[in-house]
Amino acid sequence: MAELYIRVAEDENEEPMEIPSEDDGTVLLSTVAAQFPGACGLRYRNPVSQCMRGVRLVEGILHAPENDWGSLVYVVNYPKDNKRKMDEMDAASAVKMKRGIEKTSDLIILGLPWKTSEQDLKDYFATFGEVIMVQVKRDVKTGNSKGFGFVRFTEYETQSKVISQRHMIDGRWCDCKLPNSKVLEQFRCPDEPMRSRKIFVGRCTEDITTDELRQFFMQYGEVTDVFIPKPFRAFAFVTFADDQVASALCGEDLIIKGVSVHISNAEPKHNNINQFFSNFPGRSPSLAAMFDRTQYQYPSSHV
DNA sequence: GTTGAGCGTT
């Protein structure tokens, strides 16, 4: 079935290097990157059409075309360009390309019946468009639903439609909204440099390993470190070679192994507007947003 | 074993 090694080169005309595959026939992007630092994927020339084709990449795992790598030579992709050395602007724009102009967010679903399951949610919301994540928040001890959950769609249009109306789910009216955390982030200045190469990955589940985090985040840029505190505390740190990659990811919700993790600055504890305003019951998002903006009118050297 | 406004085990 699967070959032990596949042939990979920086360029179609260069001498290929043999790279080992996994037992299931897939190839880890990290294995490719071990030989070609900064690699973010593979492509190959389709012998029939003579066009270049991309190799499927899912969460750091490269999948053989038609279940067989064959003896083709696979060419390494680098972020944005074929250039091994990307400049700083390219690093940031490569990430921005990935998230698009109108990015989708997790939506909070309020008012769920206690009995509603994740499958129920998926079945219901799939009638609006492709669903990539659903969660029902539960009591960790009892497993009982807390009556709210989250959903994420592929298409921004689907998200807009879902927000615009009420939803009858299992006999109760429910509301879908942007979570408060997102409302504040909307006003975050995306070009504000962070100067840190390290990101905080919140809402991790215990089954996500350092290897999986590394393989997942490699698609955005070269990963130099992954740290998961022990004992388990539901978060991790990932460090990139390039601070602009880290900066561009901040505020994102990314889906790893079906769970929505939240990316933020790695050292926000003392300077977190979100937490500051969450101390006020009846807090005003617009007030928070104004405060947020004033933060960015000052040079960040004193922060 | 209950409940019905909220905000996701930093």
Side-chain angles (χ1 to χ4, degrees), chain A residues 103-118 120-122 125 131-153 159 162-163 166-188 194 196 198-208 210 213 226-239 246 249-289:
Chain A
K103 53 185 174 132
T104 61
S105 311
D106 295 359
L107 302 180
I108 189 166
I109 315 160
L110 268 4
L112 287 176
W114 312 117
K115 54 171 280 204
T116 298
S117 69
E118 313 215 340
D120 295 333
L121 284 185
K122 190 159 189 184
F125 285 111
V131 175
I132 46 179
M133 190 274 313
V134 288
Q135 292 176 332
V136 173
K137 288 300 168 188
R138 299 174 184 281
D139 185 296
V140 283
K141 275 192 67 169
T142 68
N144 292 335
S145 167
K146 290 181 176 173
F148 71 97
F150 292 86
V151 62
R152 176 93 166 264
F153 297 97
Q159 166 170 324
V162 165
I163 292 178
R166 301 250 283 163
H167 300 272
M168 177 59 75
I169 301 176
D170 290 341
R172 270 182 64 92
W173 284 110
C174 303
D175 289 305
C176 291
K177 319 195 306 198
L178 271 185
N180 285 341
S181 54
K182 295 282 109 186
V183 172
L184 287 177
E185 272 170 16
Q186 280 188 132
F187 296 93
R188 159 182 174 271
M194 192 170 71
S196 173
K198 191 192 289 183
I199 57 171
F200 178 94
V201 185
R203 302 202 302 260
C204 286
T205 51
E206 201 157 10
D207 63 320
I208 298 178
T210 54
L213 286 176
V226 176
F227 179 74
I228 300 180
K230 308 272 181 351
F232 175 67
R233 291 213 279 155
F235 64 89
F237 295 102
V238 174
T239 307
L249 284 174
C250 275
E252 297 289 300
D253 284 323
L254 304 173
I255 293 169
I256 306 177
K257 294 176 78 173
V259 313
S260 170
V261 302
H262 184 258
I263 310 304
S264 58
N265 194 311
E267 45 271 290
K269 288 305 281 184
H270 53 291
N271 188 30
N272 192 329
I273 296 157
N274 235 343
Q275 286 184 318
F276 176 74
F277 279 95
S278 68
N279 291 334
F280 296 87
R283 59 195 177 274
S284 152
S286 56
L287 179 62

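Below, chain A is the first sequence line, B the second, and so on; all start at residue 1.
Going from atom CZ of A/Arg166 over to atom P of B/dG4 covers 17 Å, rounded to whole Å. Distance A/Ile255 CD1 to B/dG8 P: 18 Å, rounded to the nearest Å. Computed from coordinates, the A/Gln135 CD to B/dG8 P distance equals 12 Å when rounded to whole Å. One atom, CZ of A/Arg152, and another, C1' of B/dG8, lie 13 Å apart when rounded to the nearest Å. A straight line from CH2 of A/Trp114 to P of B/dG1 spans 14 Å, rounded to a whole angstrom. One atom, CH2 of A/Trp173, and another, P of B/dG6, lie 20 Å apart when rounded to the nearest Å. Rounded to an integer number of Å, the gap from A/Asp139 CG to B/dG4 P is 17 Å. Here the P atom of nucleotide B/dG4 and the CD1 atom of A/Ile108 are 18 Å apart, to the nearest Å.
Taking the six-membered ring where tryptophan is involved, the planes of A/Phe200 and A/Phe235 are essentially parallel, since the angle between them stays under 30° and well short of 60°.
With distances taken from any side-chain atom of A/Ser181 to the nucleotides B/dG8, B/dG6, B/dT10, the minimum falls on B/dG8. Here the side chain of A/Arg203 is nearest to one of B/dG6, B/dT10, B/dG8, namely B/dG8. Of the candidates B/dT10, B/dC7, B/dG8, B/dG8 carries the atom nearest the A/Lys137 side chain, counting heavy atoms from C-beta on. Nearest nucleotide to the side chain of A/Ser264, out of B/dG8, B/dT9, B/dT10: B/dT10.
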### Audit row: A/Ser105, A/Leu178, side chain to side chain contact (heavy atoms under 4.5 Å, CB included) steps and yes/no
CA-CA 7 Å; A/Ser105 311; A/Leu178 271 185; 3.8 Å; yes
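Two residues, A/Leu112 and A/Phe237, neighbour DNA chain B, and the one matched to the more 5' nucleotide by heavy-atom proximity is A/Leu112. Place A/Arg138 and A/Arg172 on DNA chain B by their nearest nucleotides, and A/Arg172 ends up nearer the 5' end.
Put simply, the side chain of A/Asn180 and the base of B/dG6 share no donor and acceptor less than 3.5 Å apart.
Smallest separation of non-hydrogen atoms from A/Lys182 and A/Asp106: CG-O, 4.5 Å. Between A/Ser145 and A/Arg138, the shortest heavy-atom distance links the atoms N-NH1, 3.9 Å.
A/Phe150 comes within contact range of at least one nucleobase, with a heavy-atom separation under 4.0 Å. Here A/Pro113 lies in heavy-atom contact (under 4.0 Å) with a base. A/Gly147 comes within contact range of at least one nucleobase, with a heavy-atom separation under 4.0 Å.
Stacking between A/Phe148 and B/dG6 is absent: the aromatic ring centre is not both under 5.5 angstrom from the base six-membered ring centre and within 30 degrees in plane angle.
Within the 4.0 Å cut-off from OP1 or OP2 of B/dC7, not a single side-chain nitrogen or oxygen of A/Lys182 is found.
The pair A/Asp120-A/Lys115 does not count as a salt bridge, with every side-chain nitrogen at least 4.0 angstrom from each carboxylate oxygen.
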